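Okay, structure first, notes after.
Treat the numbers as computed from the prediction; the structure is a model and nothing was measured.
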Amino acid sequence: MEQGKVRLYGCGGLGTNIVKDYIGRKIAPGFATPMVSFVDTSRSNLSGIEDESSIFVLENTDGSGKVRKENHAQISAAVKQILLKQTPEDFNIVVFSASGGSGSVIGPLLAKELAARGHSVVGLLAGSSESTITAQNSLNTIKSLAAISKQADTPIVMFYRHNGGECTRSVVDGQLHLAISSLCYLTSRQNDELDTKDVANWLRFNHSTS
């Protein structure tokens, strides 16, 4: 059977830093092949990425400065163009920070559009509460995902980790990488008695259960 493919969308600073690790990653037996994409409102996090075709930077923006509404209109208008350039795969993982200004908007809007098109998508995100604005952003990002799910009448599945205390940035990064590896294993198309429709209904569990 053909090996599965997973599109990794690295959104904003955190998403980019996580997804960078999968550039040039060799195909591993038993795992889906990671296809990397980077989406941001500036190029400040994109140094060292040589493949320009994997990058989408919004025009006439230069970061969001942790203010989620700063580039919301521009991001919303660009979502379809992003997915035209960075095409979805069998399974899609959107990686972003819940506490920042750009990724926390790009991530949910990408997940919303992917789900609306019927694609399998999971959000991997990390929040924090080291300041009032990061705590508020983290909460509002989760509220945004909940509102998207309610409006679309479909589950938006996410894997959330919170930076703080003993759960340092390196620990959270490791947990996000483990989640990506686990999902690549799940979606490899090489697991007996597990096909792509099983995975799709695992995410959209409202199709098969109340």
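- The shortest distance between side-chain heavy atoms of Lys112 and Gln151 falls below 4.5 Å.
- Within the 4.5 Å cutoff, side-chain heavy atoms of Ile148 are placed close to those of Pro108.
- In terms of modelled atom types and a separation under 3.5 Å, the side chain of Glu89 and the main chain of Leu8 share no donor-acceptor contact.
- Taking hydrophobic clusters as Ile, Leu, Val, Met, Phe, Trp and Tyr residues chained together by side-chain heavy-atom distances below 4.5 Å, Met35 does not share a cluster with Ile49.
- For the atom pair Ser120 OG and Arg204 CZ, the distance stands at 7.5 Å (nearest 0.5 Å).
- No more than 12 heavy atoms of other residues, nucleotides or ligands shown are found within 6.0 angstrom of CD on Glu50.
- Phe56 is not connected to Leu46 by any chain of hydrophobic side-chain contacts under 4.5 Å among Ile, Leu, Val, Met, Phe, Trp and Tyr, and they are in different clusters.
- One N or O on the side chain of Thr187 and one on the backbone of Leu183 form a donor-acceptor pair closer than 3.5 Å.
- Using a 4.5 Å cut-off on side-chain heavy atoms (C-beta onward), Phe38 and Gln86 make no contact.
- The hydrophobic cluster containing Leu58 also contains Leu114, counting ILVMFWY residues as joined when their side-chain heavy atoms lie under 4.5 angstrom apart, directly or transitively.
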* Intermediate values then yes/no, side chain to side chain contact (heavy atoms under 4.5 Å, CB included), Leu176 and Leu14 -> CA-CA 11 Å; Leu176 294 176; Leu14 180 143; 4.0 Å; yes
* Please assess Glu52 against Arg43 for the test salt bridge (charged side-chain N to carboxylate O under 4.0 Å, His left out), listing each intermediate value before the final yes or no. => CA-CA 11 Å; Glu52 283 291 325; Arg43 300 190 69 91; 2.8 Å; yes
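- Considering only heavy atoms from C-beta on, Val121 stays 4.5 Å or farther from Leu203 through its side chain.
- When all heavy atoms of Gly30 and Tyr185 are compared, the pair lying nearest together is O-CD1, 3.5 Å.
- Nearest heavy atoms, Thr134 versus Ser99: O-CB, 3.6 Å.
- Looking at Gln3, its side chain does come within 3.5 Å of a backbone N or O of Phe31 through a donor-acceptor pair.
- Side-chain atoms of Asn137 come within 3.5 Å of backbone N or O of Lys66 as a donor-acceptor pair.
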* Where do Lys20 and Ser47 land on the side chain to side chain contact (heavy atoms under 4.5 Å, CB included) test, with the steps shown first? -> CA-CA 10 Å; Lys20 270 183 181 180; Ser47 60; 4.2 Å; yes
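- Residues His162 and Cys167 fail the side-chain proximity criterion, which asks for heavy atoms closer than 4.5 Å.
- Separating the OG atom in Ser54 from the NZ atom in Lys85 is a distance of 8.0 Å, to the nearest 0.5 Å.
- Under 3.5 Å, the side chains of Asp51 and Ser53 contain a donor-acceptor pair of N or O atoms.
- Across all their heavy atoms, Leu125 and Ala98 have their closest contact at CD1-CB, 3.8 Å.
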* To do: Would you check, one step at a time, whether the test side chain to side chain contact (heavy atoms under 4.5 Å, CB included) holds for Asn17 with Arg169?
  => CA-CA 12 Å; Asn17 290 335; Arg169 176 175 173 175; 3.3 Å; yes
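- The same ILVMFWY cluster, assembled from side-chain heavy atoms under 4.5 Å apart, contains both Val95 and Leu186.
- Of the possible polar contacts, none joining the Ser128 side chain to the Glu130 backbone as a donor-acceptor pair under 3.5 Å is found.
- Residue-environment remark: CG (Asp195) exceeds the threshold of 12 foreign heavy atoms within 6.0 Å.
- Residues Ile82 and Leu110 meet the side-chain proximity criterion, which asks for heavy atoms closer than 4.5 Å.
- Between Tyr9 and Ile106, the closest side-chain pair of non-hydrogen atoms is not below 4.5 Å.
- Residues Asn45 and Gly13 share a closest heavy-atom pair of ND2-CA, 3.4 Å.
- We find the NE2-CD distance between His119 and Glu113 to be 8.5 Å, quoted to the nearest 0.5 Å.
- Rounded to the nearest 0.5 Å, atoms CZ (Phe91) and OG (Ser188) are 12.0 Å apart.
- Between Ala126 and Asn163 the shortest heavy-atom distance is CB-ND2, 4.0 Å.
- Note that CZ of Phe159 and CD1 of Ile180 are 9.5 Å apart. Values are rounded to the nearest 0.5 Å.
- Between the CG atom in Asn92 and the OG1 atom in Thr87 there is a gap of 9.0 Å [rounded to 0.5 Å].
- When all heavy atoms are compared, the tightest approach of Glu193 to Asp198 is O-OD2, 3.7 Å.
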* To do: Evaluate side chain to side chain contact (heavy atoms under 4.5 Å, CB included) for Val36 paired with Arg25, printing each intermediate quantity in order.
  => CA-CA 10 Å; Val36 299; Arg25 183 72 64 94; over 6 Å; no
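- Residues Ser149 and Leu145 are not in side-chain contact: their nearest non-hydrogen atoms beyond the backbone lie 4.5 Å or more apart.
- A continuous path of Ile, Leu, Val, Met, Phe, Trp and Tyr side chains, each step under 4.5 Å between heavy atoms, connects Val19 with Ile93, placing both in one hydrophobic cluster.
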